[in-house]
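Written below as C-alpha cells is the structure these notes are about.
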There are 2 protein chains.
Amino acid sequence: MANNKDRFLGKSQPPTMRDVAECAGVSLKSVSRVINNEPHVTARLRAKVDSAIAQLGYAPDMAARSLAGAHNYVIGVIFDNPSPHYTMKIVSGAYAACVERHYHLRFDHVDSNGPSEALLERLDAIVSNGRSDGFILTPPLCDNARVLELMEARDIRYSRIAPLHDPLRSPSVHMDDLAAAKQVADLLYSLGHRHIGFVSGPDQLSAATLRRRGFIEHLKTMQPEVKVVEAKGDFSFGSGVAAARELLCVQPRPSAIFAANDDMAAGIIAACQQMRLVVPDDLSICGFDDSWIAKLVLPTLTTVHQPVEAMAHAAAMQLLNRGGSERPRQLVLDHHLIRRDSVGPAR
Amino acid sequence: MANNKDRFLGKSQPPTMRDVAECAGVSLKSVSRVINNEPHVTARLRAKVDSAIAQLGYAPDMAARSLAGAHNYVIGVIFDNPSPHYTMKIVSGAYAACVERHYHLRFDHVDSNGPSEALLERLDAIVSNGRSDGFILTPPLCDNARVLELMEARDIRYSRIAPLHDPLRSPSVHMDDLAAAKQVADLLYSLGHRHIGFVSGPDQLSAATLRRRGFIEHLKTMQPEVKVVEAKGDFSFGSGVAAARELLCVQPRPSAIFAANDDMAAGIIAACQQMRLVVPDDLSICGFDDSWIAKLVLPTLTTVHQPVEAMAHAAAMQLLNRGGSERPRQLVLDHHLIRRDSVGPAR
DNA sequence: CTGAAAGCGCTTACAG
DNA sequence: CTGAAAGCGCTTACAG
C-alpha cells in the first residue's frame, strides 16, 4: 500500500477529515468524535481512526472547525506596556499554556497614550470577528474601564493580569505587591537600615501604587526610629539614575534605597558607580520584578521575583478552561524575595 | 430607524455579510466585491455598501474568509532565539506590517536545542492546517536545512531574517554585518587604537560569524601596526564579564574592545567597574545591535544599530505582498554606527 | 457591471 | 454507539 503520508509530503492537497473517514472505513462524524474526545467512543473505533490519522498525517483545519463549531482554538494577548521583558514573559507564559492545549496564540499591541476613541476603535478591530476564544489583558490596559466595557458589549471573554480594580469582574491573576513591598521593608530594617530611600513608579500602574503603599506604610509604623525619603520615578533606567542623584544628596545619605522596579534599581547602581559609591558597602539597593536586568548588573540585584510567566500561564488557562457558568476566579500567585549582592548590612 | 450598531452593542449576534447585503439592497457578491477591493465597482455601489457596513458595525468573519478563499489574513513568526529584546523587536516590526494590511499575527516558539525529530514534529504541528499565509523565520532557525525542507514539502511560504545560506531560496532580509564590523574596526583605528580586543559570539549564529570575520580580517590588513587579541563569548552578559577579565590580564592591556553584541559589551563595562578601570579613559568599548541595554549602562554604549524592527517589517511585507510568480527577493537594510560615550581616543 | 449557485472542511442537532 | 443531513459565513467560478 502506498504511504499516503509520503504522498502528502510530496505536495498534494493536505488530507481532509473525509479522507480519514474513508481510510478508516467510518463516517465523518466518527472521526470528529475521536478528534474531539467525545464520550461513547469504543476503543476499536478510536484505534481505527487514530491509525488513519497517523497514516495520512492529518491535521484538522482550524478555519473549518472555527466556522462550524463553538471553539476557535486561538487566544490573544493584548499589550500596551512598553517593557519588552515584561511583554516577552507574558507571551512565553501564555504560549506554554497554548501549546499544552493545542491552541494558537495571537499577539496584539495597542497604544493607550493616544486619544481614547482611537484606542477603542483599534481594539474593536482586534476583537471583532477575529475568532478568538478570549484575550489576556495586561496593565495598564486591564484597568481601562472603557476597554472592559467594550469587551463585555462585544461578549468577548477576557482575563486580566494584576488589575487594580474589580478583581472578580473577570478571571484575573495577581501577586501580592503590597505584602512583597512590606517584606522588602522588613529585610532592610533587619539589616540595620534606619534611613531608607524609596523610588516610586508611574501612578497609573497598579503595581507601582501597591508597592509604594506597602513599603511606605509599613515603614511608617516604625517611625520615628526609621526615616524615609522618597523620589519620583517612572520605571525607566534614566529615572532611577536621576532619583539616585536626588536621594544621595540628602545629608546624611540614606543607607539603602528600594526602587519600585528593577530598571530603576539598575539606574541607581549605575549612578552610584559614577559617584564612586560602592554597592552594597556604601548603599544597599533593592529592586522589584526579578526582570532580565537583575542579573545583568554588578553587583547583581536583590529583588522580588514577580512570577510573570506563571501569571500569564494561569491567565491563559482561565480562558482555556471555559467551565460553563462558573464564577470568575481570582488567582493569587506566590512571590519571593531573591537575595543577591546589592543589599548588605547598614554601617 | 433603529440604529443597528447599537443593537449589536446590546449583545445580539454580530452582523453577517448577508445583513449588510440586505441593508444596502444589493447582492452578497457585491458586498464581497467592495470588501475585497475588486475592480469594476461603481462609486455608487461602494457608497451604499460602505454605509451599510458602518451602520451595522460589520466586520468580516476571518474563519469564513479563510475557509472559502485563498487568503488567510494571518501570518506567523517562529522563534528559537532566547533574547527577549530581539524577539520583541521582531514581533513589533512584523506586527506593524500586519496592522497596515489588516492582518493578524501569530506567535510561536520552538526549542531547537532538543532532538531534531521533536523540533520537526513541533514545527509540523505549528504550520499544518494552521491557515497562515506564511511564517517569518529568525536565526538560528532559518539556517536549519531540515526546517526549510519541511516548509517547502508542506508548501508553506516563509521569509527569513538574516539567513547565512541561500539568500534567494526564499524571500529574505539582511543587514551587512561584515561591512558594519569593518566600520567598527575603522572607528577604533581612527581614534588611535592599535591594540584591540575582540569578543566573539556563538558559531551557529550567522551574525556572530560575519561580525567576527569582518572585524578580524579588516584588522589583519593593518598588521603588524595593529595587534588583535580575541576571547570567546556566547552573546551573554556573563560571557562578556569573563572575556573582559581574560583580555584585560594581557600586558600591555588592549586600549579598546569590540564585543560582537551589546549584552557582552555591557558585561565588559561591568567588569571594568569592578576592576576600577574607567570607560572610555582606560578602555574603549564598542558593542553591536543597539539593543535595549545599550542605553541602560553608564557610560552609554557605542554600537552598531541593527535595524531589527525594519527587517521584521520588511520580512512580513514579503509575505503579505504575494506577487504571483515573482522570484524571491533579498533585501539588504541599512545599518549605522551610533557613537555614544563608551568609546574615546587611545592614550 | 451585478447576481444566484456551489462549496471550502468542519461541527451540530437529529435520527436510528 | 454510529451515521446522513444541514449549515457556519464567506469566496470562487460562472452566467447574464
Side-chain angles (χ1 to χ4, degrees), chain A residues 8 12-50 52-53 56-74 102 104 128-133 322, chain B residues 8 12-50 52-53 56-74 102 104 128-133 322:
Chain A
F8 173 36
S12 57
Q13 291 296 316
T16 67
M17 208 156 142
R18 170 180 225 91
D19 298 325
V20 175
E22 270 175 24
C23 173
V26 300
S27 74
L28 262 184
K29 176 61 190 157
S30 292
V31 178
S32 174
R33 276 200 188 86
V34 170
I35 289 173
N36 294 300
N37 281 313
E38 288 177 31
H40 313 307
V41 191
T42 57
R44 194 160 155 279
L45 174 63
R46 170 174 297 284
K48 275 198 294 190
V49 172
D50 279 341
I53 288 176
L56 297 171
Y58 168 76
D61 183 299
M62 274 190 56
R65 283 182 111 170
S66 192
L67 186 57
H71 299 191
N72 304 109
Y73 302 96
V74 177
H102 302 286
H104 292 312
S128 286
N129 282 358
R131 293 274 174 184
S132 284
D133 290 316
R322 69 203 107 189
Chain B
F8 172 37
S12 58
Q13 292 295 316
T16 67
M17 209 157 140
R18 172 181 224 90
D19 297 327
V20 175
E22 272 174 23
C23 173
V26 300
S27 74
L28 262 183
K29 175 61 189 156
S30 292
V31 178
S32 175
R33 276 200 189 85
V34 170
I35 288 173
N36 294 301
N37 281 313
E38 288 177 31
H40 313 305
V41 192
T42 57
R44 195 162 153 276
L45 174 63
R46 170 174 298 284
K48 275 199 295 190
V49 171
D50 278 342
I53 287 176
L56 297 171
Y58 169 75
D61 185 299
M62 274 189 55
R65 283 184 111 169
S66 190
L67 185 56
H71 297 192
N72 303 110
Y73 301 96
V74 177
H102 303 286
H104 292 312
S128 286
N129 282 359
R131 293 272 174 186
S132 285
D133 290 317
R322 68 202 107 188

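All values derive from a computational prediction rather than experimental measurement. Order of the sequence lines sets the chain letters (A, B, ...), proteins ahead of strands, with each chain counted from 1.
Here CD of B:E22 is found 9.0 Å from CG of B:L28. Values are rounded to the nearest 0.5 Å. Of the inter-residue distances, the one linking A:M17 atom CE with A:S27 atom OG reads 8.5 Å to the nearest 0.5 angstrom.
Heavy atoms of other residues, nucleotides or ligands lying less than 6.0 angstrom from CZ of B:R18 number 12 at most.
For B:H40 and C:dT2, the NE2 to C1' distance is 12 Å, given to the nearest whole Å. Rounded to a whole Å, the CD1 atom of B:I35 is 14 Å from the P atom of D:dG9. We find that CG of B:D61 is positioned 13 Å from C1' of D:dT11, with the value rounded to whole Å. The nearest whole Å value for the distance from the CG atom in B:N72 to the P atom in D:dC10 is 16 Å. Counting to the nearest Å, the C1' atom of C:dC10 and the CG atom of A:N36 are 9 Å from each other. Between B:L28 atom CG and C:dC1 atom P there is a gap of 21 Å when expressed in whole angstrom units. One atom, CG of A:L56, and another, P of C:dG9, lie 14 Å apart when rounded to the nearest Å. Rounded to whole Å, atom P of D:dC8 lies 18 Å from atom NE2 of A:H71.
With hydrogens and angles ignored, the 3.5 Å screen pairs a side-chain donor or acceptor of A:D19 with a backbone N or O of A:T16.
In this structure, C:dA4 forms no base pair with any nucleotide, since neither Watson-Crick nor G-U wobble geometry is met with both distances under 3.5 Å.
At a threshold of 4.0 angstrom between heavy atoms, the contacts of A:Y58 are confined to the sugar-phosphate backbone, with no base atom among them. Nucleic acid contact class of A:A63 (heavy atoms, under 4.0 Å, all strands): none.
Contact annotation: B:S32 side-chain N/O to D:dT11 OP1/OP2 distance is under 4.0 Å.
The side chain of A:L67 sits closest to D:dG9 out of C:dC10, D:dG3, D:dG9. Distance from the side chain of A:R131 is smallest for D:dG9 among the nucleotides C:dC10, D:dG3, D:dG9. When distances run from any side-chain atom of A:T42 to the nucleotides C:dG3, C:dC10, D:dC1, the shortest one goes to D:dC1. With D:dT12, D:dG3, C:dG7 as the choices, the nucleotide that has an atom nearest any side-chain atom of A:S30 turns out to be D:dG3.
A donor N or O paired with an acceptor N or O is found under 3.5 Å between the base of D:dG3 and the side-chain atoms of A:R33.
With no hydrogens or angles considered, a side-chain donor-acceptor pair links B:N72 and B:S66 at under 3.5 Å.
Nearest-nucleotide positions on DNA chain C for B:L45 and A:P60 put B:L45 closer to the 5' end.
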